Amino acid sequence: EVQLVESGGGLVQPGGSLRLSCASSAITFSNYDVSWYRQGSGKEREWVASIFRLGGTTNYADSVKGRFTISRDNAKNTVYLQMNSLKPEDTAVYYCHVVRGVVYWGQGTQVTVSS
């Protein structure tokens with residue numbers, strides 16, 4: 001069974017930082033494009049960032065550009081989302097996403113930005 005496991009969420013004050021991780025024992029991330037999505041309460045799930053198989057290039061939603069960084073550690077087979085200068089509107093469940101024939105989602109990790 002393919003699993004994507006996210007971790008690293010939590011409660012942080014506005015302006016703070018968190019680093020999310022996405023790991024898998026069944027998918028080699030360097031062979032696929034990997035993305036982060038998020039879903040706030042009562043909102044639709046939205047794309048946040050992607051890291052591409054070819055060259056490790058990255059792309060970001062305008063709402064997080066300059067604050068979030070997606071990266072990949074091939075040795076650990078883990079994709080990270082470093083989130084800085086967090087805002088209350090970043091509060092959401094964050095999901096890891098990979099397409100390998102079918103779409104795979106992790107279980108999500110809650111990020112709450114509040115004072």
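Computed from a predicted structure; not experimentally measured. Reckoned from all heavy atoms, side chains included, excluding hydrogens, waters and symmetry mates. All residue numbers in this chain count up from 1 along the given sequence.
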Side-chain (Q107) to main-chain (E6) donor-acceptor, under 3.5 angstrom: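 Such a contact is found between Q107 side chain and E6 backbone.
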Flag, side chain of S85 to backbone of G15, donor-acceptor distance under 3.5 Å: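 No, because the side chain of S85 does not come within donor-acceptor range (under 3.5 Å) of the backbone of G15.
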Report the distance from atom [atom1] of [X] to atom [atom2] of [Y], rounding to the nearest 0.5 Å.
X   : Y   : atom1 : atom2 : value
R72 : C22 : CZ    : SG    : 12.0 Å
S30 : L54 : OG    : CG    : 11.0 Å
T57 : I51 : OG1   : CD1   : 8.0 Å
F52 : N59 : CZ    : CG    : 5.0 Å
N77 : S25 : CG    : OG    : 9.0 Å
F29 : S24 : CZ    : OG    : 5.0 Å

Plane angle bin for W105 and Y37 - parallel if under 30°, tilted between 30 and 60°, otherwise perpendicular: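 Geometry flag for W105 against Y37: perpendicular rings.
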In one Ile/Leu/Val/Met/Phe/Trp/Tyr side-chain cluster, 4.5 Å: L86, V93: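 No, separate clusters.
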Side-chain donor-acceptor contacts of residues 95-104 below 3.5 Å, not counting sequence neighbours, with atom names and distances?
residue, atom, partner, partner atom, Å
R100, NH1, A26, O, 3.1

[Y] side chain reached by [X] side chain, heavy atoms, under 4.5 Å:
X    : Y   : result
V113 : M83 : no
S21  : T78 : yes
T109 : S7  : no
R67  : D90 : yes
L20  : F68 : no

R53 and Y32: side chain donor to acceptor below 3.5 Å: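 Note: R53 and Y32 side chains miss the donor-acceptor criterion.
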